Protein chains: 4
Amino acid sequence: MAFDDTILDRLYDTIASRKGGDPEKSYTAKLFARGRNKIAQKLGEEAVETVVAALGETPDHVVGESADLLYHLMVLWADCGVTPAQVWGELAERQGISGVDEKKSRKK
Amino acid sequence: MAFDDTILDRLYDTIASRKGGDPEKSYTAKLFARGRNKIAQKLGEEAVETVVAALGETPDHVVGESADLLYHLMVLWADCGVTPAQVWGELAERQGISGVDEKKSRKK
Amino acid sequence: MAFDDTILDRLYDTIASRKGGDPEKSYTAKLFARGRNKIAQKLGEEAVETVVAALGETPDHVVGESADLLYHLMVLWADCGVTPAQVWGELAERQGISGVDEKKSRKK
Amino acid sequence: MAFDDTILDRLYDTIASRKGGDPEKSYTAKLFARGRNKIAQKLGEEAVETVVAALGETPDHVVGESADLLYHLMVLWADCGVTPAQVWGELAERQGISGVDEKKSRKK
C-alpha cells in the first residue's frame, strides 16, 4: 500500500491496535470505549487549543497542540473506519498527483 | 532533514511557497494575505466540519473534511513559522522514537 | 411562562416561526431546511469567530460575533425542540434561584 | 439602562463581581486569573460540546451544554469589557428594534 511508512501512519497503526483494549491501561483504549461523540469532542477541543496557541502563545505551543490535534484526529479516523491512506490519497489528488505517482515519487 | 518526503511535507512546501504570492491567483496566497486571525478561524471551522462529518455523515465526508483540516493546519504552521518536521518530531518523541531512529527506520 | 419577554426570547420566537418557511425569503428558513448538521456546524463556526475576535480583534467585534453566536445557538435550540425558558431555568437553578422566584423577582 | 433585569444580566453581574476574587473560592475568579486565552478556549470547548450534544445526545444535554456555553461566553464578555446590554442592543438593531423601543416594549 502507498503512503504507509510515515510517523503518522505508524501512530495510526498503534492507535488502531488499541481498539477493544483495556481502558485502564491505555488512554487510546479509553477514548474508543467512551465512543465517537467523546472522540469527536476531543478533536474539536484540540483544534480550539491550536487556534488559541496560534493567536496568543509561542510556536512551541503550536507544535504541542498540533501533535495533540493530529493524535485525536487519527483516533477519530480509526473509529470511523477511515485510513490515513485515504486522506493522503485525497490530498494527493487535490495536488494533481495520482496515488500511483505519489508512491513512485516517494520510492526514489 | 528527517521526515521530509511525505505527501504532507510536500503539501507544506507548496503552501509555504505561496507566501507573498498573488492573492488573485492562489487561495493559499489569499489566506496568508488575510492574516493569522483568518487562518486560525478557518482551521477551527474545518475542525467543526470534521466533527459534524464524523457524527452525522459518511466516512467519505470524514476523509474530505480531514483533508481540508490538514491543509488549513499547515497554512497555520507556515504562518507561525512551524515546520512539519517539528510536529513529526514531537509525535515521534511521544511514541518513544527519537527523530534519528525515526529517520533510520524510514530509510529501510 | 416565565422568562419570556427579553430580546432573546423574542428573537427565539421569530426564529421558531420561520420553521417550514420559504428558504428563498428567509436565511433562518434556509438554515432549518439545510438541517441540524448544518445548523450545528454554523454554531461551531460562530464560536470560533468569537474566540478569534476575543484574542485578536476589538470589543466591538466580540459584540458582533457574540450576536451571531446567540442567533445560531437559538436556531439550534429551535431545531432540537429546546426552549429558552429551559436554558434560563437551568441557569437560574445553578445560581440557586428557582424558576418561580426568578419570575417574581423580574415582575417587581 | 435597558435590558438589565434578566437571568443572563444577573448572571453577568455575578460573574463580573468575581474579577480579582480568590481563585481558591470561586471557579469564575479562577478563570479570570488564568487569563483570556484560557477563557476563550473554554468557550470554544463548550461550543463543541453543544454541537456534539445536538448531533448525538438528548435535548436535555443540549440545555445543559447551552447553559455552560452561555456562562463561559459571559465570562469572556466580562474579560473583554463587553456588557450584555451591548449584545442585546446589537440583536435588537438587527431585528429592527431600537434599544429605546426595546426597553419600552419590555416595560409594558
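Below, read A as the first sequence line, B as the second, and so on, with proteins coming before strands; counting in each chain starts at 1. Worth knowing before you read on, the calculation uses all heavy atoms, side chains too, and leaves out hydrogens, waters and symmetry mates. Small disclaimer: the values here were computed from a predicted structure and weren't measured.
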Select, from Gly64(C), Ala47(C), Ser66(C), Ala53(C), the one with the greatest count of heavy-atom pairs under 4.5 Å involving chain D.
Ser66(C)
Contact class of Asp79(C) relative to chain D, heavy atoms under 4.5 angstrom:
neither
Taking atom CG of Leu70(D) and atom CG of Leu8(C), what is their separation to the nearest 0.5 Å?
8.0 Å
Between Ala40(D) and Leu55(C), what is the shortest heavy-atom contact and its length?
CB-CD2, 3.9 Å
Can you name the nearest heavy-atom pair linking Pro59(D) to Cys80(C), along with the distance?
CG-O, 3.8 Å
Separation between CH2 of Trp88(C) and OG1 of Thr6(D), rounded to the nearest 0.5 Å:
7.5 Å
Kindly determine whether Gln41(C) and Val51(D) satisfy side-chain contact (heavy atoms from CB on, under 4.5 Å), including the steps that lead there.
CA-CA 7 Å; Gln41(C) 179 192 318; Val51(D) 166; over 6 Å; no
Checking heavy atoms, do the side chain of Val82(D), its backbone, both or neither come under 4.5 Å from chain C?
side chain
Please round to the nearest 0.5 Å and tell me the distance separating atom CG of Asp60(D) and atom CD of Glu90(C).
8.5 Å
side-chain contact (heavy atoms from CB on, under 4.5 Å) between Arg94(D) and Asp68(C), intermediate numbers included:
CA-CA 10 Å; Arg94(D) 294 182 185 187; Asp68(C) 286 340; 2.6 Å; yes
For Thr14(D), is it the side chain, the backbone, both or neither that has a heavy atom under 4.5 Å from a heavy atom of chain C?
side chain
So, the part of Ile39(D) with a heavy atom under 4.5 Å from chain C: the answer is neither
Going from CD on Gln95(C) to OH on Tyr71(D), what distance comes out if it is rounded to the nearest 0.5 angstrom?
10.5 Å
At a 4.5 Å cut-off on heavy atoms, which part of Leu73(C) comes close to chain D: side chain, backbone, both, or neither?
side chain
